[in-house]
Amino acid sequence: MIREQLKRRITQAIRDAQAAGELPQFDLPPFTVEHPRQAQLGDYSASVAMQLARAARMPPAQIAQRIAGHLSLDGMATVDDAGAYLNFRLSPQYLSGEVDKILASGDSWGNIDIGAGKTVQVEHGSANPTGPLTVASGRNVVIGDTLANALSAAGFTVQREWYVNDAGNQIRHFGESVYARYAQSLGVDEPFPEDGYKGDYIVEIAKAIIAQAGDKYLKMPRDEARRALGKLGIDSIMDGVRASLARVGIHHDSFFSERSLYESGQFERVLPILRNKGLLVEYDDALWFSEDGSPIRKGETRGEKQEDDSQKPEVRSQKIENGGAGKEAVQVVVIRSPKVVAEPSERPTYFASDIAYVWNKLVDRRFDRAIYVWGEDHQGDVPRLMAVTRALGLDTDRIVLLIYRFITLMRNGQEVRMGKRSGNIITLDDVVDEVGADATRFVLLSRSIDTKIVFDLDLVKKQSDENPVYYVQYAHARICSILRKAAEEIGDKRLEISAGATNTISNLQSPISSYIFSHPSELALIRKLLELEEVVEQVATQLQPHHFATYAQSLATTFSAFYRDCRVLGEAPEVSAARMKLVQAARTTLARTLALMGMSAPERM
RNA sequence: GCCCCAAUGGCGCAGUGGAUAGCGCGUCUGGUUGCGGACCAGAAGGUCGGGAGUUCGAAUCUCUCUUGGGGCACCA
């Protein structure tokens, strides 16, 4: 990457200046190379001279000058020491050469190697398998999938996992619901459970099972039938989920069963680690995790006053002073209790699963990092997972808990309320049907994960200039149009522009390899293309996928400026050929960006 | 009460401790004998919520206050 190259050269220049006695000896602090805000100042800029002023006991401008004097840039860029800044401007020769590099890289253009083969798991989706995939989960999977794309491009070995919550109370309710619909469909007067799932899809599932297996579950003991039907229901739901995911281009490498943590004995193997450290505490017939091993005390609870509030333990907010470094709450969380009525052998509490699961990720499967993509409703669960990870003797830096904000769905200027249990859900399929997969992904990726998204169906459906999705894709279609036209004019049938064929421009016979771009809009476009690597790095390190969306728009804008200023066809042959190459590189870059976002790059619109 | 997140032109949002804070929409003024006008150019519009601190330098880091969102169950 350019930035890294410049950093190395600056570092070398400083050492050379030191060796020459022009700068005193000092330890070089970490410094950055960045883009100046004003483009006229240069392409890259380093303020390292200012950082060194104290250590070197020299005025920054003088330091900058001496560093500049020792810089060897090999024609890559020119440097000018603007006061205390070192400003670099990439040379037209260098920029022109980079176009060839992009074309040679083809579909792997943008790949970098900050991951160095480290393994990282991105767990995303993981919605309860009790109903179809909702738009709410849509943001989750799109964030996770795009991050996985970015991490993969950044050189990590990535595994995409969906955690199937196939244990616990909700699953029991679900099984009862399926059973009730099953029985009702067979004409049996079976009451629908109070906590049941009311959605029509349960009826569909029941009918499908009847079509397959008839009434055989009515002949079983009721509990057994409920469990069996629950499992069948989950399978059916998950099949639907997979189909919905596929529509937005998402595939998971693994669907990990929560239940398996108990069936495999994983949970029982991990628990002794906490017990041996004295971090398991009995209270009120239940088993608790207590971060510091302290017994659980009775205390006043928050929220509405109820008769037996005083009987409840203070669960979360025992405050302790932490060596002056701020306050931290000791995490106290229930692991197992007779009051949790779900089959305790299958899943004591959700937190119990978390314990075994993090161990499974980091120890059994040895991921260097495990990323959890969680909705903001799980934000309160972060500290306890961190606490138990620490208690297990694992490095908490290896887990990253990403919290994204929910979306609000708007239609006809009204917020669409979604109720989970009520069956009033808007599925991801519904939205994809209405606005398309590309627009859905783009909207869900367009903002920082910390920002709430208002998904206005009417607005997104409108294929207008208010809608950035089409602006970006239009730029790609327009590029393809130019290349199509070029192919016609030149009559070169080998100039294919279908996806993947990015290198065919070399089929044109022309002395283009020596061509040096000079028009400001040409050079600006090349600079913009070269940013892709930086954007990949940014997304992969900050774990913020919206940078792709921002970049895609900016790239489309830069291309439009080039398109306005520079004709491709009908210029002098060497100019046309060189610009076609540039346009091809722009297509490669735009298509890759869209691919990283999981979007299509249409050739016509 | 405690914890997390946010606050940046009219609206929606970017912004990596660096120089004159950007983009889209909206508003106003313009642009087509030319590769796709689903486009482009120009203009107006800002005490980066308030205050203090750290730093050569703060929208960015720390503290604090205000406002908004979310979370604080032997639910998942």
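Residue numbering restarts at 1 for every chain, and letters A, B, ... go by the order of the sequence lines.
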Using a heavy-atom cut-off of under 4.0 Å over every strand shown, decide if [X] touches base, sugar-phosphate, or nothing.
X        : value
A/Arg3   : base
A/Gln40  : base
A/Asp354 : nothing
A/Ala477 : base
A/Arg567 : base
A/His547 : sugar-phosphate
A/Phe406 : nothing
A/Thr550 : sugar-phosphate
A/Arg447 : sugar-phosphate
A/Gln51  : base
A/Ser554 : nothing

Audit row: A/Glu531, A/Lys528, salt bridge (charged side-chain N to carboxylate O under 4.0 Å, His left out) steps and yes/no: CA-CA 5 Å; A/Glu531 274 180 36; A/Lys528 185 57 72 176; 3.4 Å; yes
Integer angstrom distance from the [atom1] of [N] to that of [M]:
N     : M     : atom1 : answer
B/U16 : B/U54 : P     : 24 Å
B/U8  : B/G49 : P     : 6 Å
B/C25 : B/G9  : C1'   : 13 Å
B/G26 : B/C63 : C1'   : 39 Å
B/U64 : B/C5  : P     : 14 Å
B/G24 : B/C39 : P     : 12 Å
B/A44 : B/G50 : P     : 24 Å
B/A21 : B/U60 : P     : 15 Å

Below 4.0 angstrom from OP1 or OP2 of [N], is there any side-chain N or O of [X]?
X        : N     : result
A/Ser481 : B/G36 : yes
A/Gln38  : B/G22 : yes
A/Ser560 : B/C40 : yes
A/Asn128 : B/A76 : no
A/Arg37  : B/U20 : no
A/His546 : B/G15 : yes

Side-chain donor-acceptor pair present, A/Ser353, A/Glu258, cut-off under 3.5 Å: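 Result is yes, a qualifying pair exists.
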Distance-only side-chain donor-acceptor flag, A/Arg527 / A/Thr558, under 3.5 Å: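 Distance-only check fails for A/Arg527 and A/Thr558.
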Ring centroids of A/Tyr563 and B/C35 base under 5.5 Å with planes under 30°: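 Yes, A/Tyr563 stacks on the base of B/C35, since the ring centres sit under 5.5 Å apart and the planes are within 30°.
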Ring-on-base stacking B/A19 with A/Tyr85 (under 5.5 Å, under 30°):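 So A/Tyr85 counts as stacking on the base.
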Atom-to-atom span, CG of A/Leu569 to P of B/G34 - whole angstrom: 15 Å
Polar pair under 3.5 Å, donor/acceptor by atom type, side chain A/Asp565, base B/A41: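 When only heavy-atom distances are counted, A/Asp565 does not reach the base of B/A41 through any donor-acceptor pair under 3.5 Å.
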